[in-house]
Amino acid sequence: MPETSASIASFWNAFAASFDEEADHGLRDPHVKAAWAERLRSWMPASPADVLDLGCGTGSLSLVLAEQGHRPVGVDLAPLMVEQARRKLTAAGFDATMMVGDASDPPARAGTAFDVILSRHLLWTLPDPQEALRRWIGLLRPGGRLVLVEGRWATAEPGEDRPYEVEPESMPWMGGVEAERLLAALRPLVETARVEPLHDPALWGRAVQDERYAVVAFA
């Protein structure tokens, strides 16, 4: 769907310069960064692990992973986001690969065998999230894991949760996905999966009322 991809890339390109102003995006607040670092450490295998960060945005989580000794590869559809990610990782002294590509179907040059595939708030942007999950699992090494940070945004009113110029049916999880719905999609594809609520205000820089969680699934 080239029109859909172009709309998504254009939308996030427009936010690239200001994206990191959100506490959980830029992780500029040391307390917020520490909270995410603790969660990532609990979800990751022993370092160094090969981690594919899908929908990497400006690379904040990739940076934390690199600081923890892992080998992140970032993929994002928005070129200006990827540019920010490259600058961030390079400025911190890491030679990590950050590339433009479709996170739902990662380019082969990103790699084909990972210990972990990580995504945060990505599934709602995808035209076929269930097919994307199948592809991602196919990129995991035996015993590898998916780490999916997701939510259902209760703050969105009906008809107001469509930031892209696309038909609503082209993005079935627009507005987020409930944990139980995501688990139901994953059960036929993985050995085990668990849900971890993410309501701690330290992760977001503020209190949140909507559903936020992580799913850790093992292939």
query = Partners of Arg212 by salt bridge (charged side-chain N to carboxylate O under 4.0 Å, His left out), sequence neighbours excluded?
reply = Asp210
ask   = Linking I/L/V/M/F/W/Y whenever their side-chain heavy atoms sit closer than 4.5 Å, directly or via other members, would Leu139 and Leu126 fall into one cluster?
value = yes
key: Atom of Pro72, atom of Ala96 and distance for their closest heavy-atom approach   = O-CB, 3.7 Å
With sequence neighbours excluded, residues passing side chain to side chain contact (heavy atoms under 4.5 Å, CB included) with Val100 = Pro79, Val82
ask   = Out of curiosity, Leu52 CG to Asp115 CG, how far, rounded to the nearest 0.5 Å?
value = 11.0 Å
request  = For residues 90-100, pull every pair meeting side-chain hydrogen bond (donor to acceptor under 3.5 Å, both in side chains), keeping only residues two or more places apart or in separate chains.
outcome  = none
inquiry  = Does Ile8 form a side chain to side chain contact (heavy atoms under 4.5 Å, CB included) with Met171? I'd like the steps, not just the answer.
reply    = CA-CA 11 Å; Ile8 294 171; Met171 289 187 175; 3.1 Å; yes
task = Measure across Ala202 and Ala35 and return the closest heavy-atom pair with its distance rounded to 0.1 Å.
result = O-CB, 3.8 Å
request  = Can you spot which of Trp153, Trp173, Tyr213 makes a ring pair (Phe, Tyr, Trp, His ring centres under 6.0 Å) with His121?
outcome  = Trp153
key: Whether over 12 other heavy atoms sit under 6.0 Å from His199 NE2   = yes
remark   = dist Asp24:CG -> Asp29:CG (nearest 0.5 Å) comes out at 11.0 Å
request  = Go through the structure and list residues passing side chain to side chain donor-acceptor pair (under 3.5 Å) with Arg39, not counting sequence neighbours.
outcome  = Glu196
Residue pairs involving residues 172-181 (criterion salt bridge (charged side-chain N to carboxylate O under 4.0 Å, His left out); sequence neighbours excluded) = Glu180-Arg187
key: side chain to side chain donor-acceptor pair (under 3.5 Å) involving Arg120 - partner list, sequence neighbours excluded   = none
request  = Go through the structure and list residues passing side chain to side chain contact (heavy atoms under 4.5 Å, CB included) with Ala92, not counting sequence neighbours.
outcome  = Leu63, Phe94
task = Begin from the C-alpha positions of Leu182 and Glu150 and carry the test side chain to side chain contact (heavy atoms under 4.5 Å, CB included) through to its verdict.
result = CA-CA 9 Å; Leu182 179 52; Glu150 288 296 335; 4.2 Å; yes
task = Taking the side chain as every heavy atom from C-beta outward, state whether Glu83 and Met98 have any pair of such atoms under 4.5 Å apart.
result = no
query = Under 4.5 Å between side-chain heavy atoms, hopping through other hydrophobics if needed: is there a path connecting Leu148 to Leu140?
reply = yes
query = Residues in ring-ring contact (aromatic ring centres under 6.0 Å, His included) with Phe15, at least two apart?
reply = Phe11
key: Cluster link Val195 to Trp124, ILVMFWY, side chain under 4.5 Å   = no
key: Parallel, tilted or perpendicular: rings of His25 and Phe19 (30°, 60°)   = parallel
request  = Keeping to residues at least two apart or across chains, list the side-chain hydrogen bond (donor to acceptor under 3.5 Å, both in side chains) pairs with something in residues 59-82.
outcome  = Lys33-Glu67, Asp50-Arg71, Asp53-Ser62, Ser60-Lys88
Same apolar cluster: Ile117 and Val75, side chain cutoff 4.5 Å = yes
ask   = Which heavy-atom pair separates Gly205 from Ala23 by the least distance, and what is that distance?
value = CA-CB, 4.0 Å
ask   = Other than Val51, which residues form its hydrophobic cluster under the rule that side-chain heavy atoms must be closer than 4.5 Å?
value = Leu27, Val32, Trp36, Leu40, Trp43, Met44, Leu61, Val64, Leu65, Val116, Leu118, Val147, Val149, Leu198, Leu203, Trp204, Val208, Val216, Phe218
task = Using the side chain to side chain contact (heavy atoms under 4.5 Å, CB included) rule, take Thr125 and Leu77 through it: C-alpha gap first, then chi angles, then the decisive distance, then the call.
result = CA-CA 11 Å; Thr125 73; Leu77 193 61; over 6 Å; no
task = Please name all residues satisfying salt bridge (charged side-chain N to carboxylate O under 4.0 Å, His left out) with Arg134, sequence neighbours left out, ordered by chain then number.
result = Glu131
request  = Sequence neighbours left out, what passes salt bridge (charged side-chain N to carboxylate O under 4.0 Å, His left out) with Asp105? Give chain and number order.
outcome  = Arg135
key: Least distance between heavy atoms, Arg86 atom then Met99 atom   = NH2-CA, 3.9 Å
task = Quick one: closest heavy-atom pair of Leu54 and Leu122, and the distance?
result = O-CD2, 3.6 Å
ask   = Which pair of heavy atoms, one from Ala185 and one from Leu133, lies closest together, and at what distance?
value = CB-CD1, 4.2 Å
